[in-house]
Amino acid sequence: MSIRTTCPYCGVGCGVIAQSDAARGTVTISGDTTHPSNFGRLCSKGSALGQTLGMDGRLLHPEINGQRVSMEAALTHVAAGFNRIIAEHGSDAVALYVSGQLLTEDYYVANKLMKGFIGTANIDTNSRLCMSSAVAGHKRAFGEDVVPVCYEDLELADLIVLVGANAAWCHPVLFQRIAQAKQQRPKMKIVVVDPRRTVTCEIADLHVPVRSGSDVWLFNGLLAYLHEHGRVAKDFIANHTEGLDEALSVARESAGDVNRLAAVCGLDTERVLEFYRMFADHERVITAFSMGVNQSSAGTDKVNSIVNCHLLTGRIGQPGAGPFSITGQPNAMGGREVGGLANMLAAHLDLEDASHRELVQNFWRSPRIAERGGLKAVELFDAIHDGKVKAVWIMATNPVVSLPDADKVKEALRRCELVVVSDCFAGTDTNAHAHVLLPAAGWGEKDGTVTNSERRISRQRAFQALSGEARPDWWLICEVARRMGFDHGFNYDSVHEIFIEHAALSTWNNDGERAFDIGGLAKITSTEYDELAPIQWPVPGRNHPGTPRLLESGHFYRRNRRARFVPTATRAPEHRTDAEFPWVLNTGRIRDQWHTMTRTGRAPQLSAHLPEPYVDMHAQDALLAAVSDGQLARVETQWGALVARVKTSGEMPRGTIFVPIHWSGAVASDARVGALVNPVVDPVSGEPEFKHTPARVTPFPVNWHGFVLTRAPIQKLDAVWWTAIRGAQFMRYEIAGRGHAPGSTWARQALQAIHPDMDWVEFSDPACGVFRGALLVEERLEGCAFISPRSDLPSRTWLSSLFAKKRIGNVDRVSLLNGGPPSSAEDPGPLVCSCFGVGRTTLCKAIAQDQLKTPQEVGRKLKAGTNCGSCLPEIRQLLLK
Ligand code: SF4
């Protein structure tokens with residue numbers, strides 16, 4: 001059976017074909033060549049989706065206080081708990097915290113329950129953490145949260161400015177589309193504005209390593225420069241905008257002259273001017289921005305400072321031109337459409353507007369409607385901590401890992417009277433605090449729609465039966481709503497019924513005043529819904545083809561139909577570095593992992609690329625901190641601490657360190673970076689400052705290092721630091737400890753070396769603290785352990801490959817305790833290409849021996865980079881060496 005569906009990870013929203021083979025129990029994943037967002041491409045995460053399916057680690061049954069119960073008992077318990085707390089403390093004492101992973105239909109009923117029936121706007125989403133600044137910026141400038149641009153515009157642009165967006169790793173298929181367009185049209189220019197020199201810079205003509213937090217200076221300066229140099233769309237400004245004079249005067253005053261702003265931005269003046277000239281000299285300019293812009297205490301102003309430059313030049317709503325917010329999550333946009341944020345109403349209607357509230361209440365025929373904005377994510381967990389919110393239902397997200405000041409979030413949940421968590425997976429950090437666990441349907445089991453960064457609505461379709469007692473989120477919400485006594489609003493028999501209601505609301509009393517109008521889909525039949533092809537909103541009429549580009553007519557969505565230049569006064573981040581915390585902590589994603597690894601961490605293909613939590617820093621800063629590449633270090637802020645491996649990749653500027661967001665308490669002893677992030681938020685959007693927390697780095701002294709590879713998971717690790725990584729047919733544990741290095745007894749216990757047919761081989765030098773042991777059962781490798789006082793232990797790649805062998809032959813056996821391959825074979829080295837398992841050593845050797853010059857030549861020789869292409873930027877880097 002072959003089903004067209006959509007990737008559940010990033011906001012690119014790639015079309016996927018899932019081919020299930022029921023007899024073999026396998027699912028093969030490929031890119032959908034007909035999907036207009038990716039045309040068949042998938043990145044490493046999308047390609048490995050098949051490895052994330054399966055029962056292992058799934059939450060399959062409801063639980064109350066750790067005991068399995070019936071679904072009926074669990075739903076009744078949740079409904080009764082919410083009703084009791086509302087009766088005792090009012091509707092603002094309960095909350096939902098949902099997710100950009102939910103499908104639009106899930107989101108719609110969750111929002112309807114809270115705002116229309118319970119009567120509180122205390123529903124917020126983890127999308128608050130990634131794109132709420134873009135939403136606020138769009139609303140301030142355009143009057144509505146509209147993204148004017150489509151992906152095709154990226155291919156039509158003459159200049160793409162990527163701001164705070166490591167697209168090569170975070171939106172890889174978009175990056176590939178841009179890279180291909182540049183290859184075909186070498187005149188196209190790319191500027192990357194980012195403190196880090198990320199792999200995205202591999203295709204850049206200019207890298208602008210702006211100092212963290214100074215983007216508003218840079219774009220205010222650009223606005224003033226464009227005005228001075230006559231790049232002013234006078235007619236467009238006169239006919240379609242307002243507020244230029246004030247915005248310009250604030251920009252001039254706060255940015256100062258170019259020398260001053262260059263100094264604030266940590267740049268040399270000539271580089272700033274080069275960027276300004278490039279922007280001025282190209283008509284078709286896209287400024288694509290992502291988390292580096294949004295996740296800031298000045299995120300909304302950053303967005304508006306960018307939008308102002310496009311309004312001044314009239315480069316908006318035109319082919320190949322406009323500001324472009326690239327969303328992080330698969331359905332961040334869908335959530336915005338149904339009012340999934342605490343300060344929004346459904347269908348892009350405004351919670352602050354009484355006529356909009358009335359419209360929605362009438363449409364829903366709901367007993368009440370929330371009358372004011374609810375608590376935004378950080379405020380919400382503060383209110384739980386302070387006992388003001390007493391019941392929370394968390395859906396499809398892991399806030400104990402992902403929110404700022406995450407230890408406080410943990411404490412908040414510990415104090416909360418009723419914590420309900422619905423998730424696909426057991427064993428998440430947040431589940432550990434749940435009183436009630438509800439098993440949710442996972443990708444492949446769920447049915448509904450998602451909207452990607454270019455406003456394209458695509459179907460996510462089920463191709464597997466529901467696992468255990470798992471149910472779709474919309475079903476769980478409706479069942480709880482009914483048990484709370486809200487019968488008439490939640491009697492849906494199918495996800496199609498929810499979708500057409502959502503579509504009908506979008507067009508209700510909408511005379512073109514609201515951009516979000518999918519009324520053309522309000523009467524589609526169930527079969528048409530099942531077959532719905534990807535389509536970009538607005539879709540205002542039946543058989544309407546969708547709308548690739550918005551704002552083409554210069555018609556905006558404010559009351560006077562004009563766009564607004566928003567004055568963006570500069571301000572420094574609230575927390576500054578000082579002698580105690582001298583570095584700025586920046587956080588973000590890595591290439592092969594998604595969020596808190598609950599899904600991608602299950603795919604061996606994805607775990608080998610960057611297997612450990614790390615802190616990347618400039619080599620000179622590392623020297624000052626007395627740490628070096630490969631050592632463990634403690635990273636500490638005013639809010640928390642973690643331990644990670646030091647890396648000096650060369651990407652970091654002086655003064656800034658980077659830690660990935662993905663590691664949780666479930667996969668590492670001490671690596672939740674959320675615990676370190678300051679909880680300051682943008683005053684307009686409420687988005688937290690994930691890119692700027694003052695931090696210090698100190699050595700984390702250990703006496704020994706080691707790793708264990710084992711088929712049977714280890715239940716308890718006796719080490720001061722550890723991380724667990726899933727391999728193909730084995731688990732890998734990286735460990736480090738203090739005191740005497742463990743030896744044979746420890747290793748035998750860890751590897752459960754108690755099998756009657758076992759063959760145990762070891763080398764031990766207790767005086768030097770060195771131990772190496774391997775367990776073979778019937779000539780098959782069951783596990784091995786390597787301990788040393790030094791961190792430069794043998795490569796794990798070759799040893800890992802032995803787990804695929806049914807039998808360890810004599811040649812391999814001799815090399816086993818060396819930890820390296822026999823001389824005739826080759827250790828591939830650290831993984832670069834996830835799809836074909838090609839390592840750095842293999843690549844470097846082939847490049848040198850065969851004098852390979854291009855990624856295409858590398859691909860022909862080793863296949864590396866020829867499937868998803870996510871590793872191409874790294875291959876290009878190796879070719880340059
Ligand atoms: Fe999924 Fe990768 Fe496409 Fe994002 S770029 S939607 S993660 S396949």
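Worth saying up front: this structure is predicted, and the values here are computed from it rather than measured. Quick note: residue numbers are just sequence positions, from 1. In listed order, ligands and their atoms are each counted from 1.
Numbered from 1 in the order shown, with element, the atoms of ligand 1 that lie under 4.0 Å from a heavy atom of P172 read 5 (S). Taking a cut-off of under 4.0 Å to the non-hydrogen atoms of G13, the atoms of ligand 1 that pass are 6 (S). Those atoms of ligand 1 that come under 4.0 Å of a heavy atom in Y9, given as number and element, are 7 (S). Remark: ligand 1 atoms within the under-4.0 Å shell around heavy atoms of V173 are 3 (Fe), 5 (S).
A perpendicular orientation is assigned to the rings of H348 and W537, their planes being inclined by more than 60° (bins at 30° and 60°).
With respect to the salt-bridge test (charged N to carboxylate O, under 4.0 angstrom), the residues R461 and D530 do not qualify.
Each of T451, V450, N452, I457 was compared with M333 under the side chain to side chain contact (heavy atoms under 4.5 Å, CB included) criterion, and only T451 meets it.
Nearest protein neighbour of atom 3 (Fe) of ligand 1, counting heavy atoms only, is C14 SG, 2.3 Å. Summary of contacts: the protein heavy atom closest to atom 1 (Fe) of ligand 1 is C7 SG, 2.3 Å. In terms of protein heavy-atom proximity, atom 4 (Fe) of ligand 1 is nearest to C10 SG, 2.3 Å.
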### Task
Test ring pair (Phe, Tyr, Trp, His ring centres under 6.0 Å) on Y9 and H171 and set out the steps.
CA-CA 10 Å; Y9 297 127; H171 300 93; over 10 Å; no
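In this structure, R196 is positioned above the aromatic face of F658, its NZ or CZ under 6.0 Å from the six-membered ring centre and within 45° of the axis. Under the 6.0 Å distance and 45° angle rule, R459 counts as a cation-pi partner of Y529.
Here C43 fails the criterion, with no N, O or S atom under 2.8 Å of atom 1 (Fe) of ligand 1.
One distance of note links SG of C130 with CZ of R128; it measures 11.0 Å at 0.5 Å rounding.
At least one heavy atom of L42 sits closer than 4.0 Å to an atom of ligand 1.
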